Amino acid sequence: MYPQERMRRLRTTPRVRSMLREGSLRPEQLVQPLFVDENIADRREVATLPGQYALPLGKVGEECVRLERLGVGAVLLFGIPRRKDPLGSEAWNHEGVVQRAVREAKAACGIPVMTDLCLCEYTDHGHCGKLRDDQVDNDATLELYGRIAVSQAAAGADMVAPSGMMDGQVAAIRSALDREGFQGTGIMAYSAKFASCFYGPFRDMVGSCPSHGDRRSHQMDPANARQAARELRMDAEEGADMLMVKPAMPYLDVICRARQDHDLPICAYQVSGEYAMLRCAAALGALEMKAAMMESLCCIQRAGADLIITYFAAEAAEALGGERPV
Ligand code: PBG
C-alpha cells in the first residue's frame, strides 16, 4: 500500500519504461489490405479513405515488394471486377481480378497472400450471396463460396478469408479445398464480424453497398458478445486456422475473450471507418497521426490480437523500422 508501494518507480526514465513495456509490435504482425480494380489504369483514391488506393492490375507486384521490404506480415487482397451479375460469378473466374492479382503478387515476391472471400464486391445487388426472395440463401451460397476458395487457392493464395458470415462457411470451404487438393491452403475466418457502420469507407472504395436492405440478417448485432463467442467456437470446430474479430477498437472485449477461449491465432481487423476516424481527426489537428496510429495498434494487440489487419500496416511498419528503444 501507499506510501510504501509507489507505481511511479516503474516509470522513472525512458529506459526503465522501455524495459517494462509488456507488449511490442512487430511489422510482421500487421496485414495490409489491398484493393485491386479491374476498371482502372492508374491508382485511384476515395475521399473517405484518404491515403489508400485501389490499384490496377500490373501495379500489385511492385506494391507487394514495397510492403515486403517494410517487413509487413501479409497482404489481404480485395478485387473489384469489371463485370457484376446476380450470382457474382466473376468471383470464381480463374482469370478474375483477384486471381490475377494473386498470381502477380506471388510472381513478384514472397509476402504471404490472403484473399477476402465474399460475393458482395461481385454481385450487382451488393449482397454477400445468392438471393432468394430478396434474402441471402445461406446453403446455396456455401456452394459458391467453395468455388471461390478453390479458384483463389489455385491462383496461389496462402489463406482464404471468408467474410460473408454464412452459417457453415468454414466447413464448406475446408471440404471444397480438400476435395480439390488444396489441403495446404489456410482459412482465416472472419468469425465475429459485426454489422458495423465502420465499414462505410470500404464500401465507397469497392462499391459494395447493398442496393436494398442491409447485412443484419448475417452480420452480428454490435451488442452481442456471448453470440460472438459462439461464432468463434463454431469456426474453430469447423476447421478455421485463424479466428478474426472485426471491427477491432470498438470490440476489444470480444478480442480479449477470443484470446482467453482459444489457442488458435487471433486476428483483429481495424476497419476502414476506424482508419478514417483517426486520419480525419489528425487532418484537423485534433490528434497526432503517428501517436494515434501506434496507440490504437498497441491497444488492439494488448487486448489479445496476434495479427492486425490495418490500413496503417505500411505506415506503422515504417515507423517501427525507424524506432529504436531510447
Ligand atoms: C466483405 C467485407 C467488408 C469488409 C471486409 N470484407 C464489408 C462489409 O461486410 O460490408 C469491411 C472492411 C473495412 O471496412 O475495412 N467483403
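Model, not experiment: these values are computed from the prediction. Sequence positions, counted from 1, serve as the residue numbers for this chain. Both ligands and their constituent atoms are indexed starting at 1 by order of listing. What you see below is based on every heavy atom in this structure, not just the backbone, and it leaves out hydrogens, waters and symmetry mates.
Residue-level proximity to ligand 1 for Ser272 is carried by backbone and side chain together, each with a heavy atom below 4.0 angstrom.
Heavy-atom contacts of Cys120 reach the following atoms of ligand 1: 1 (C), 16 (N) (cutoff under 4.0 Å). The ligand atoms of ligand 1 that sit less than 4.0 angstrom from a heavy atom of Arg215 are 8 (C), 9 (O), 10 (O). Residue Lys193 has at least one heavy-atom neighbour below 4.0 Å for each of these atoms of ligand 1: 1 (C), 2 (C), 3 (C), 6 (N), 8 (C), 9 (O). Counting atoms of ligand 1 from 1 in the listed order, those under 4.0 Å from a heavy atom of Ser163 are 1 (C), 2 (C), 6 (N), 16 (N). Residue contact check: Tyr269 has heavy atoms under 4.0 Å from atoms 12 (C), 15 (O) of ligand 1. For ligand 1, the atoms sitting less than 4.0 Å from at least one non-hydrogen atom of Cys118 are 16 (N), numbered in the order shown with element in parentheses.
For the salt bridge (Lys or Arg N to Asp or Glu O under 4.0 Å) with Glu315, the lone residue among Arg279, Arg66, Lys290 that qualifies is Arg279.
Checked for salt-bridge contact, Glu38 and Arg83 miss the test: no charged N lies under 4.0 Å from a carboxylate O. Between Lys84 and Asp124 there is no salt bridge, since none of the side-chain N atoms of the basic residue sits less than 4.0 Å from a carboxylate O of the acidic one. Ion pairing between a basic and an acidic side chain is recognised when a charged N comes within 4.0 Å of a carboxylate O; Arg147 and Glu143 show such pairing. A salt bridge between Arg174 and Asp178 is present, with a side-chain N of the basic residue lying under 4.0 Å from a carboxylate O of the acidic one. Here Arg69 does not pair with Glu318 in a salt bridge; the nearest charged N to carboxylate O distance is not below 4.0 Å.
Judged by the shortest distance from any of its heavy atoms, Ser208 lies outside the 4.0 Å radius around the atoms of ligand 1. Within the structure, ligand 1 lacks Tyr275 among the residues with a heavy atom less than 4.0 angstrom away. For Gln270, the heavy-atom gap to ligand 1 stays at 4.0 angstrom or more. Ligand 1 lies less than 4.0 angstrom from a heavy atom belonging to Lys246. At least one heavy atom of Glu121 sits closer than 4.0 Å to an atom of ligand 1.
A cation-pi arrangement is present between Lys193 and Tyr199 under the rule of less than 6.0 angstrom and at most 45 degrees off the ring axis.
Counting protein heavy atoms only, atom 12 (C) of ligand 1 is closest to Phe202 CD1, 3.5 Å. Looking only at protein heavy atoms, the nearest one to atom 15 (O) of ligand 1 is Tyr311 OH, 2.6 Å.
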**Prompt:** What's the verdict on ring-ring contact (aromatic ring centres under 6.0 Å, His included) for Tyr53 and Phe35, showing C-alpha distance, side-chain angles and the deciding distance?
**Reply:** CA-CA 7 Å; Tyr53 299 87; Phe35 303 103; over 10 Å; no
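No side-chain donor from either of Asp137 and Thr141 sits under 3.5 Å from a side-chain acceptor of the other.
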